[in-house]
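Hydrogens, waters and symmetry mates play no part in the numbers below; they use all other heavy atoms, side chains included.
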Amino acid sequence: MLEKGEFMKYLSLMSLIVLNLGVCYAKVERNLSVELIDERIDGKLFTYRLDVASGSKAQNKRSEEWLIDGKVVDQEEYNQEIDSARLNELKAQREKEHAARLARHDFKKEQRIALNKKLIRNLIAQIEKKCSLFGKYELNEYIAYGPTTVASEIDFTNIPTHYLEPARQMLALGDEEFSFEQFNTLLASLEEYPHKLDQLFEHTVKNAIERCDDTQRLKLLLEVVS
């Protein structure tokens, strides 16, 4: 048999063991797993919380919570609101993409018009400059018209009114009034004139050198052929 002192030690030891078992049991009993899912959709914060408790007495005990902007709601309202928010966000994304497509289309159209107008403006300047050479070098009476350049004096004098004036009118059109079809027609008629006028000027200079006896005019022609 145990002496009284030893028996008291035994009781103290058993008490410690039981106490420690209780603590361990309590720790297991309070083992809790928390899962949080936050989604910000259409400006709202949707939160789903899942708590799962596990231990010797409560295996896989769980609770769920649904929140919208921090306010607790039931699952049905949560599902309705999150579905609605997703649809709104999807619709907004589609509208944004559609607006971006239209903006790209408008940008390309604006730049095409700007480019086309610049082409016309450059052609007008080239044609005007080449036409002015005949007067600058006093060659009007020696112009050598021909089927491959400018056919006649009437055609030559009509260049400003028949070609350049319509071109200037097109330059004055706004983007909404601008016609690419009319531009292509006008461009086709203008593009051939710089080369035609170059050829006409060369033929005219040659003709003037052959026919002209005026010293002052011949000196002017020296500037051309030098």
Side-chain angles (χ1 to χ4, degrees), residues 87-226:
L87 287 174
N88 289 339
E89 196 170 74
L90 183 61
K91 180 182 177 182
Q93 181 62 28
R94 285 199 304 265
E95 290 175 350
K96 183 179 179 180
E97 291 172 355
H98 178 65
R101 282 193 294 270
L102 292 180
R104 286 194 299 270
H105 171 77
D106 291 343
F107 173 78
K108 289 179 180 179
K109 180 182 177 181
E110 288 171 3
Q111 297 311 305
R112 283 178 60 199
I113 291 174
L115 178 58
N116 291 344
K117 286 186 175 182
K118 188 169 185 178
L119 285 172
I120 294 174
R121 199 175 293 112
N122 288 349
L123 283 170
I124 290 174
Q126 289 180 44
I127 293 170
E128 286 180 332
K129 183 177 180 179
K130 294 178 187 298
C131 286
S132 70
L133 293 177
F134 296 89
K136 177 181 179 179
Y137 294 104
E138 301 179 4
L139 295 172
N140 288 332
E141 63 182 279
Y142 301 105
I143 297 178
Y145 301 109
T148 60
T149 56
V150 178
S152 67
E153 182 179 0
I154 293 176
D155 290 340
F156 184 75
T157 56
N158 281 342
I159 290 174
T161 55
H162 285 194
Y163 297 101
L164 301 186
E165 186 56 33
R168 290 191 184 93
Q169 291 174 1
M170 180 160 285
L171 289 178
L173 294 176
D175 288 358
E176 296 302 320
E177 301 168 308
F178 191 90
S179 167
F180 290 103
E181 184 178 353
Q182 291 178 3
F183 163 79
N184 291 330
T185 301
L186 179 63
L187 183 64
S189 66
L190 289 178
E191 278 184 320
E192 61 184 19
Y193 268 95
H195 177 69
K196 282 185 174 184
L197 290 170
D198 283 340
Q199 293 293 307
L200 180 64
F201 186 72
E202 290 177 3
H203 296 168
T204 299
V205 169
K206 182 180 180 182
N207 186 44
I209 291 173
E210 291 174 353
R211 293 175 51 200
C212 181
D213 294 321
D214 184 277
T215 303
Q216 290 302 116
R217 289 186 178 182
L218 290 174
K219 285 182 178 180
L220 280 174
L221 290 176
L222 282 173
E223 297 180 20
V224 178
V225 297
S226 295

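Inter-residue side-chain proximity for L102 and H98 is flagged as met; some heavy-atom pair is nearer than 4.5 Å. Annotation: side chain of R101 is not in contact with side chain of H105 (no heavy-atom distance under 4.5 Å).
Atom NZ of K130 sits about 7.5 Å away from atom CG of L133, to the nearest 0.5 Å. Rounding to the nearest 0.5 angstrom, the gap separating the CG atom in L119 from the CD1 atom in I124 is 11.0 Å. The distance from atom CG of L221 to atom NZ of K206, rounded to the nearest 0.5 Å, is 14.5 Å. Remark: I120 CD1 to L164 CG distance equals 11.5 Å, nearest 0.5 Å. Interatomic distance, L123 CG to L190 CG, rounded to the nearest 0.5 Å: 5.5 Å. Rounded to the nearest 0.5 angstrom, E89 CD and R94 CZ are separated by 12.0 Å.
The environment of K109 atom NZ is dense: over 12 non-hydrogen atoms of other residues, nucleotides or ligands sit within 6.0 angstrom. The 12-atom threshold is not exceeded at CD1 of I154, counting heavy atoms of other residues, nucleotides or ligands nearer than 6.0 Å. For E181, the CD atom sits in a loose shell: 12 or fewer heavy atoms of surrounding residues, nucleotides or ligands are nearer than 6.0 Å. No more than 12 heavy atoms of other residues, nucleotides or ligands lie within 6.0 Å of CD in E153, so this atom counts as exposed by the packing criterion.
Taking the six-membered ring where tryptophan is involved, the planes of Y193 and Y163 are tilted, since the angle between them lies from 30° to 60°. Between F178 and F183, the ring planes lie tilted relative to each other; the angle falls in the 30° to 60° range.
Figure legend: cation-pi geometry between R211 and Y142 absent, as NZ or CZ is not positioned both under 6.0 Å from the six-membered ring centre and within 45° of its axis.
At distances below 3.5 Å, at least one donor-acceptor pair connects side-chain atoms of T204 with backbone N or O atoms of A144. Side-chain atoms of K117 come within 3.5 Å of backbone N or O of L173 as a donor-acceptor pair. When atom types are taken as modelled, the side chain of N207 and the backbone of H203 share no donor-acceptor pair closer than 3.5 angstrom.
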List the steps, then state whether side-chain contact (heavy atoms from CB on, under 4.5 Å) holds for N158 with T161. CA-CA 5 Å; N158 281 342; T161 55; 4.0 Å; yes
L200/F156 under side-chain contact (heavy atoms from CB on, under 4.5 Å): CA gap, chis, key distance, verdict: CA-CA 10 Å; L200 180 64; F156 184 75; 4.0 Å; yes
Determine, stepwise, if the pair D175 / D106 fulfils side-chain contact (heavy atoms from CB on, under 4.5 Å). CA-CA 10 Å; D175 288 358; D106 291 343; over 6 Å; no
Evaluate the criterion side-chain contact (heavy atoms from CB on, under 4.5 Å) for residue pair Q199 and E202; output intermediate values, then yes/no. CA-CA 5 Å; Q199 293 293 307; E202 290 177 3; 4.1 Å; yes
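Nearest heavy atom pair, residue E192 against residue S189, reads CG-O, 3.4 Å. Shown here for C131 and L197, the closest heavy-atom pair between the two residues is SG-CD1, 3.8 Å. L186 and A167 make their closest contact through CD2-CA, 3.5 Å (heavy atoms, listed as atom of the first residue, atom of the second, distance). Listed here is the closest heavy atom pair of V205 and V225: CG1-CG1, 4.2 Å. The heavy-atom pair separating K136 from L220 by the smallest distance is O-CD1, 4.3 Å. Smallest separation of non-hydrogen atoms from T148 and K196: O-CG, 4.1 Å.
Salt bridge annotation for E141-R217: present, with a cationic side-chain nitrogen under 4.0 angstrom from a carboxylate oxygen.
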